[in-house]
Every structure is written in C-alpha cells, then in structure tokens.
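First up is the structure itself, then whatever we jot down about it.
For ligands, and for the atoms within them, numbers begin at 1 and follow the listed sequence.
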Amino acid sequence: MSTDQAGKTTALSGWGRFPVVEARESTFADESELRTILQEMNGGIARGLGRAYGDSALAGHVVSTRLYRRMLSFDGTSGLLHAQSGVSIADLLKVFVPRGWFPPVVPGTKYVTLGGAAAADIHGKNHHADSSFGAHIRGLRLMDGQGNIIDCSANDREDVFNSAVGGMGLAGVILDMTLQMQKVESAWITQHIELLPDLDAVIKAFERNAQTRYSVAWIDCLARGNKTGRSVLITGEHAQPDELPRAAQARPLASPPTRRLAFPFTMPAFMLNRISATLFNSLYFRLNSMKRGRSVVPYEPFFFPLDGIHNWNRAYGPQGFLQYQFVLPRGEEDALRLIIERISTSDSAPFLTVLKLFGPGRKTPLSFPLEGFTLALDFPRQPALFGLLDELDQITAQHGGRVYLCKDARLSAHNFRHMYPEHAAFAARRRVLDPNGTFNSLQSQRLGL
Ligand SMILES: Cc1cc2nc3c(=O)[nH]c(=O)nc-3n(C[C@H](O)[C@H](O)[C@H](O)COP(=O)(O)OP(=O)(O)OC[C@H]3O[C@@H](n4cnc5c(N)ncnc54)[C@H](O)[C@@H]3O)c2cc1C
C-alpha cells in the first residue's frame, strides 16, 4: 500500500467548520487501489470536495475521490457524459459550457463532485421543473463494502441505484456515472428580480413562476409583523444568443471573466449577533431593490453568487456555523410561517436564508426533496442555537417535513426516523451491500443508521 492509500491524518470538517475531527485521508487512482483501502477500512466514508456542511463526509477514515477525476467519454449528439465520481461541477462547466452543454442540476456552489452530488441527490433552483440530480443519472458503478463492483441504473438493479443515489456514501463508493447533460445556446441567463412584501406574496409569486426553469427567493427572516417573510425572488432561464448584450453576441458560449475575492480573516465571534444580522438582511434587501426587473447576466453569479468569495465560510467566526435546511409538504405553508416567526423572535439570527419550491420527490429512501417549499438558513454556531433547531425539528416532523442530511450536524436519531420513514428499508439494503460495516460516517452513527 502506498502512503496515499494508507492515508495521512489531518483535521477535517465540513463546510460549516463544525464538527472538526482528526481523520485519516486516503486517496486512490484506480479500482484496485480503492479495493485495497476498503479491505483495511473499518468504518469510514467517501469524501468529495467536503461541501456538505456538517458531518456526512466525516469519519475516522475518509476515502477522497480527489485523484479519481477523469472524464471518460462524451456523446455530442445525445449529451451523455461518462465521468469518474471525483470530477466536479466546476470541471464540467469549464469543459462543456463553451461546447453548448450544461449540467442538468447545479447546487449553490460549483465546487462539488459528481459523487457528492449523487450521494446527496442534490437539487438546484430548477427542482420544480427538472427534479433532483439522480433523475439525470442514466447509470452508475458502485464499489460495495466487499470490493464488488455493481453496475446499476433506475431500470437495472434499481435497489442498488436507489441506495447509492441519496445514500450519503453509506451504500458504497460511486466510481463513475453516465449523466445526461442539457443543451444551452449561451453562457448567460435572462434573470428577473422581484421584491415581495411578505410570505403570502412570495408563495404566490413562486406559483406564478412555476413555468420558469429556475427560481429562488432570499427571505428576510428577521423582519416581523406585516413584513414577515419579505423576500427577493430571482427567476431565470438560459438566454438565447439574440438576448445577450451586443458585445457578447459574437461568442454567446464564452463566459465573461469573473472576479474572485478572498475572505481575508476569520470573523471575530462578537461581530456575529442580531444587530449585524439585521443590518446584513436590510442591506441585502436594499441592494436588490436597485437591481429589480429584467436583466441578462453571466451564469456564474446567477447560480454561484457565493463562489465569488473564496473561503466565505470564515465569515461565521471561529466557532463555525450550521446550515439548517428543511422541506415542508405543499399545504403546510402555515408551518413555514410558524417557523419563520419563531426564528424572528429567537436569540439566534440567521444571515442568509433561501427559499425554493420543490416538485415531486423520487423514490430513493434517503433523498431529501418532497413536493413543497424548502428553506435553508445559515446560523453562526452559538449555544442557544441547538435548542431552537430542536424546536424547529419538532415542527417540521409534525407537519410531515424533513431536514436535509448533507446540511446537518445535529439531528437526533429519533427525529431522523420520523422524517425519513423509509430508513429501515435503506438499512436493510445496506446490510446486504455492506455486511461488515465498512462504511460509516459521524452522521450515520449519530442517526443510528
Ligand atoms: C455554498 C454551498 C451551496 C450549496 N447549495 C446546495 C444546493 O443548492 N442544493 C443542494 O442540494 N446542495 C447544496 N449544497 C450541498 C452540496 O451540494 C452537497 O453537500 C454535496 O454533497 C457536496 O458534494 P462534495 O463533493 O463536496 O461531497 P462531500 O461533502 O465530500 O460529501 C457529501 C456526501 O457525499 C458522499 N460522497 C462523496 N463522494 C462520494 C462517492 N464518490 N461515492 C459515494 N458517496 C460519496 C459523502 O460520503 C457524503 O455523505 C451546497 C453546499 C455549499 C457549500
């Protein structure tokens, strides 16, 4: 075994910088190297680019796909891409946008791997129109806990496929996949920004825009009274070449250069309080008031606004932060209001809050999306926060909703079982794929999976 396979020990965390653990990190360049690592591994987990916020990709031993990132083939007629799981969305955008192809689903950062995107069955701003990432995977190969390689798809070995997609790395290591890319005519988006005075108005605006491919709203969760839920709704479509600024029309698939700033230091904890959060939210609302209406913008700032600031997670101070994302089924909008009201009167103030509309979910047991509204909130990690999030779990579970595992670092096993009723079916499939318990994360142990 080489040094990289044996693994070096480093301090690792998810994107929220909490929790931090000492972990052995192995890499592999081919299947036989991975098999050798798995033979030695006794309770570890695959890791992509570490953009899950909490402890999904954390364990005493992690297997990084960093060196397993080759694009294997592409069919320029059908748009089918065959690529290894360590390839990132950023890699795809760089290679394929200039050729007129775009990933079918992108999250709020391009720095995620295909393996991480499949394992969390991620969603984008187009879930209501295009479902989640797994719906666009035509087939994948998984290495299970015993080193067997299984070819599977939605039609063939569906049980394995549905455990790998959304399975948070617990079914095995996804080696490679065939992904359906989508055709685009330009590297630009026609964007529309609308200000909505309260929660009812933004819910209606999402419904009105159901035919628009991309939609997302930022909500001021600190506004109270008749301003509760005031929002900025941003919708968009891939632009046609004749809609672009004149200077861009000659090369519509070229991406204009984007500036990337770096967050210069870790924010001192005392600056993260209700006053700074209120200021931040008011400023955000005002800045967007100036941009409202229709415009044509490059795809990068539309999809990945935070990628423009390198290491922005340092803004939440040395204690790190938690992202809390939940979904509530359609018809449960009163519970959504209740949660927003509870947050607006709590001691914990969220800085960034994002609302999206989901279409129907898929039948993968641990996938997060179900038809309804999903809200994601970033909170600095402070002692009072944990009690508040426990309360929000209760409301979410009582109303048939669930919390997103790839954002989570603290959900209880009890609430998890309530929120994911198919957990037992998943655990049963896992016992077949991984009878020796090769795969475990800090999260799976906490959730009793
Ligand atoms: C700024 C930001 C914005 C985000 N926006 C969104 C969003 O809009 N929508 C959304 O759905 N998510 C979003 N996310 C979450 C992110 O898309 C997921 O956490 C994704 O899983 C991260 O991919 P990764 O490569 O970093 O994987 P990691 O964080 O390293 O791992 C995540 C999970 O995938 C598993 N995994 C990774 N690679 C493999 C593999 N090859 N085989 C098997 N399992 C594997 C890990 O074991 C772990 O359980 C966002 C994250 C950030 C930081």
Side-chain angles (χ1 to χ4, degrees), residues 12-17 23 25 28 34 38 44-59 61-69 83-91 103 105-127 131-134 140-145 163-177 214 216 303-313 315 321 323 325 327 352 354-356 358 366-369 374 376 378 404-409 433-434 439-444 447 449:
L12 277 185
S13 72
W15 187 246
R17 303 171 79 211
E25 187 173 11
F28 61 99
L34 175 61
L38 296 188
I45 199 78
R47 185 172 168 96
L49 283 169
R51 263 25 180 216
Y53 280 74
D55 53 3
S56 324
L58 288 184
H61 191 171
V62 301
V63 192
S64 165
T65 55
R66 189 169 60 233
L67 305 182
Y68 199 70
R69 51 180 293 220
Q84 292 179 336
S85 59
V87 168
S88 69
I89 297 279
D91 297 332
V105 170
V106 296
T109 173
K110 62 182 177 175
Y111 300 111
V112 306
T113 61
L114 298 184
D121 195 16
I122 62 163
H123 56 270
K125 299 171 174 58
N126 56 339
H127 189 278
S131 188
S132 50
F133 194 79
L140 62 81
R141 291 192 318 138
L142 179 82
M143 186 176 286
D144 72 10
S163 304
V165 174
M168 305 308 295
L170 299 169
V173 180
I174 298 168
L175 293 169
D176 47 65
M177 67 185 73
Y214 300 106
V216 62
F303 288 109
F304 317 116
L306 288 170
D307 283 351
I309 307 169
H310 185 58
N311 283 339
W312 64 261
N313 54 349
F321 69 109
Q323 181 164 103
Q325 183 169 2
V327 58
L352 257 176
V354 169
L355 184 71
K356 288 180 201 155
F358 280 165
L366 295 194
S367 281
F368 169 64
T374 177
D378 283 355
Y404 195 7
L405 296 183
C406 80
K407 307 288 177 79
D408 161 59
L433 291 168
D434 185 21
F439 301 110
N440 262 307
S441 60
L442 254 58
Q443 179 176 58
S444 73
L447 299 180
L449 252 172

*asked:* Using a 4.0 Å cut-off on heavy atoms, what residues surround ligand 1? Order them by chain and number.
replied: Trp15, Ile45, Ala46, Arg47, Gly48, Leu49, Gly50, Arg51, Ala52, Tyr53, Ser56, Ala57, Thr65, Ser85, Pro107, Gly108, Thr109, Val112, Thr113, Gly115, Gly116, Ala119, Ala120, Ile122, His123, Met168, Gly169, Gly172, Val173, Ile174, Trp312, Lys356, Tyr404, Cys406, Lys407
*asked:* Quick check for you: to the nearest 0.5 Å, what is the distance between Ile45 atom CD1 and Leu442 atom CG?
replied: 10.5 Å
*Looking at residues at least two apart in the chain, or sitting in another chain, which of them share a side-chain hydrogen bond (donor to acceptor under 3.5 Å, both in side chains) with Asp91?*
Arg69, Ser88
*Which residues share a side chain to side chain contact (heavy atoms under 4.5 Å, CB included) with Ala118, sequence neighbours left out*: Phe133, Ile137, Ile174, Met177
*Give me the ring orientation class for Tyr214 and Phe303: parallel if the planes are under 30° apart, tilted from 30 to 60°, perpendicular past 60°.*
perpendicular
*Which residues pass the salt bridge (charged side-chain N to carboxylate O under 4.0 Å, His left out) test with Arg141, sequence neighbours left out?*
Glu31, Asp176
*For the residue pair Trp312 and Phe321, does the interplanar ring angle fall in the parallel (under 30°), tilted (30 to 60°) or perpendicular (over 60°) class?*
tilted
